[in-house]
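Worksheet: the structure to be examined is printed underneath.
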Amino acid sequence: MTERIEGHGGELALAALRAYGVREMFTLSGGHVFPLYDAAYKNDFPIYDVRHEQSAVFAAEAVAKLQRRPGLAVLTAGPGVTNGISGLTSAYFNASPVLVLGGRAPQFRWGSGSLQEMDHLPLVAPVTKHAETVFSADDIPRAVAAALSTALTPHRGPVFLDFPLEAIFSVGDAELPAGPDIAPVEADPDEVATAAGLIAGAARPVIIAGSDVWTGDAVDALRAAAEALTVPVFTNGMGRGALPPEHPLAFAKARRVALSGADVVVVVGTPLDFRLSFGDFGDAKVVHIVDAPSQRAGHLQPAAAPAGDLRGILTALANHPGGRVDHGDWVAQLRSAEDAAKARDAEEMAAETDPIRPARVYGELRKVLARDAVTIGDGGDFVSYAGRYLEPAQPGTWLDPGPYGCLGTGMGYAMGARVTHPDRQVCVLMGDGAAGFSLMDVESLVRQKLPVVIVVGNNGIWGLEKHPMRAMYGYDVAADLQPELRYDHVVSALGGAGETVAKAADLGGALQRAFDAGVPYLVNVLTDPADAYPRSSNLA
Ligand SMILES: Cc1ncc(C[n+]2csc(CCOP(=O)(O)OP(=O)(O)O)c2C)c(N)n1
Ligand SMILES: [Mg+2]
């Protein structure tokens, strides 16, 4: 028996959203979307509001990434939607199932110059899997359900709907959608068998696992495959923490040794993009395992590229019936490289330098972070160091902006993380430059009682740009910020608290106070502007 629902457009939308597991909205007020607020208000559906629409979309994306279910941002017509476009684009690059519902000027007088009248679709179409204007209230549940099904179907991604004023304000009725029913797509078994044979027959195989392994709920299958075939595993994005750091096959530091020595590189659930030298691993054969055919690389021809449900593919690898080469020596070789690199890192993380270097910040942070803490990176070099020195112990605990590399995710991601995990530590690692994009949203966090810890690596520069520009031109422009600025005072002024730390010895106490504070708390660490993250070539 199907259930019929009736009400205004906002109520019809909410019923469909709930059927799809959406549990809250992130928004910034605008009259065009009032019916969505009215429905939420009358049905005890949580509304979190922000000070810039980018934060609403980033918060929705954090919920989608951490909880593996759709995240919702509601944006008003025109500028509300355009302010959300970097968030949508990030979600598109990250395959995050985010739904943006936009208000829209009335259709009946379209073209007459209504307030905030613009057609959003041509702007959002290139960065969404689906974008549609819904012209009648009756049609809203169908459209919401179809959009969310699309968002949740691998390869996942954001979707957009907008509702002309008269559609969302008028009353209609429709069938209640049943909720998601996404059938897994099975990969071609021959291709999976080819991949399994290549890995089992390799002398020096390596696995690199990325975000889709987490999103596709394939973490256990990844571990089973790695263990069954004895393959060292490296991770990136939401894949970090898929194997606990103490697992004998979990590696992080020996990446260069691994990739230069490997004869088969297996990349699972992440594109062969700049983060993985575009899939160029010298003479090694590449196996690229993706969650949908659309994700196969167009710029190279891997030795095998099974596409389909990642859990199914990885489980098939774990159950590979054929013989296998012993990889024990290879694993041992990488382990000694890993241990040596870890010892070097440990020294750097303990170094008593003046000014403080980022490594020490992470050395101190590691002492106070719980295993299930959510850490969020928003910045340049300071976040590259976070990636290097922090070791997520569990999957689904590390949020970086992903390959779109958009600064400004910080407070939005923090809001989504706090809403997701009310009882865990949530810690944002921020460059001082990045802080400028979203720090005003500390006000939203304070007001809505969403405490988080913010650690700013305050080097007084756009470090990731200043150092490369100097290296390239011998000078730099547009790369300086006010040195030693009191970002902690900004947070205090907004109702939170914080302090500035200039000496390494004071870091531990400050971080402890931050996690105990119970309000948004910013630790403003004055770091060495001369410190540059070592990289061979970098144009960000
Ligand atoms: C929205 C956006 N604007 C500009 C950039 C280019 N960019 C990448 S890193 C970076 C510098 C970041 O500086 P900061 O946050 O202070 O971190 P630091 O490198 O100094 O540690 C810039 C400007 C970007 N990635 N995203
Ligand atoms: Mg900086």
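We're numbering straight along the sequence, starting at 1. Indexing begins at 1, ligand by ligand and atom by atom, following the structure's order.
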Looking only at side chains, do [X] and [Y] share a donor and an acceptor under 3.5 Å apart?
X: Arg104; Y: Gln116; value: no
X: Ser444; Y: Asp441; value: yes
X: Asn459; Y: Thr527; value: no

Margin query: Ring centres under 6.0 Å, that's the criterion: do Tyr533 and Tyr385 meet it?
Written below: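 Centroid separation for Tyr533 and Tyr385: below 6.0 Å.
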Under a 4.0 angstrom heavy-atom cut-off, which atoms of ligand 1 come close to [X]?
X: Phe382; value: 21 (O)
X: Asn459; value: 18 (P), 20 (O), 21 (O)
X: Glu465; value: 6 (C), 7 (N), 8 (C), 9 (S), 10 (C), 22 (C), 23 (C)
X: Leu464; value: 9 (S), 19 (O)
X: Gly379; value: 15 (O)

Next item on the list: Can you label the angle between the Tyr48 ring and the Phe26 ring as parallel, tilted or perpendicular, going by 30° and 60°?
Entry: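 Correct class here is parallel.
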Check: Between Tyr473 and Tyr475, how do the two ring planes meet: parallel, tilted or perpendicular, split at 30° and 60°?
Finding: tilted
Notebook entry, point to check: Is any N or O atom of Leu481, backbone or side chain, closer than 3.5 Å to an N or O atom of ligand 1?
Noted result: no
Next item on the list: Specify side chain, backbone, both or neither for Asp378, according to which of its non-hydrogen atoms lie closer than 4.0 Å to ligand 1.
Entry: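 The answer is neither; Asp378 stays 4.0 Å or more away.
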Notebook entry, point to check: Would you find more than 12 non-hydrogen atoms of other residues, nucleotides or ligands less than 6.0 Å from Arg388 atom CZ?
Noted result: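 Counting neighbours around CZ of Arg388, more than 12 heavy atoms of other residues, nucleotides or ligands fall under 6.0 Å, so yes.
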Note to self: Quick test of your reading: applying side-chain hydrogen bond (donor to acceptor under 3.5 Å, both in side chains), list the pairs with at least one residue in residues 76-86, sequence neighbours left out, ordered by first then second residue.
What the structure shows: Glu53-Asn83
Next item on the list: Give a yes/no verdict on whether any heavy atom in Gly405 is under 4.0 Å from an atom of ligand 1.
Entry: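 Distance cut 4.0 Å: Gly405 passes for ligand 1.
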Note to self: For residues 69-102, which residue pairs pass the ring pair (Phe, Tyr, Trp, His ring centres under 6.0 Å) check, not counting sequence neighbours?
What the structure shows: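 Residue pairs passing ring pair (Phe, Tyr, Trp, His ring centres under 6.0 Å), neighbours aside: Phe93-Tyr404.
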Note to self: Test: salt bridge (charged side-chain N to carboxylate O under 4.0 Å, His left out). Region: residues 508-530. Which pairs qualify, not counting sequence neighbours?
What the structure shows: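 Of all non-adjacent pairs touching residues 508-530, those that pass salt bridge (charged side-chain N to carboxylate O under 4.0 Å, His left out) are Glu499-Arg513.
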Checklist line | the Mg ion (ligand 2): protein N, O or S atoms [distance under 2.8 Å] | finding: Asp432 OD1, Asn459 OD1, Ile461 O
Checklist line | Pick from Trp462, Phe437, Tyr533: the one approaching atom 11 (C) of ligand 1 most closely through a non-hydrogen atom | finding: Trp462
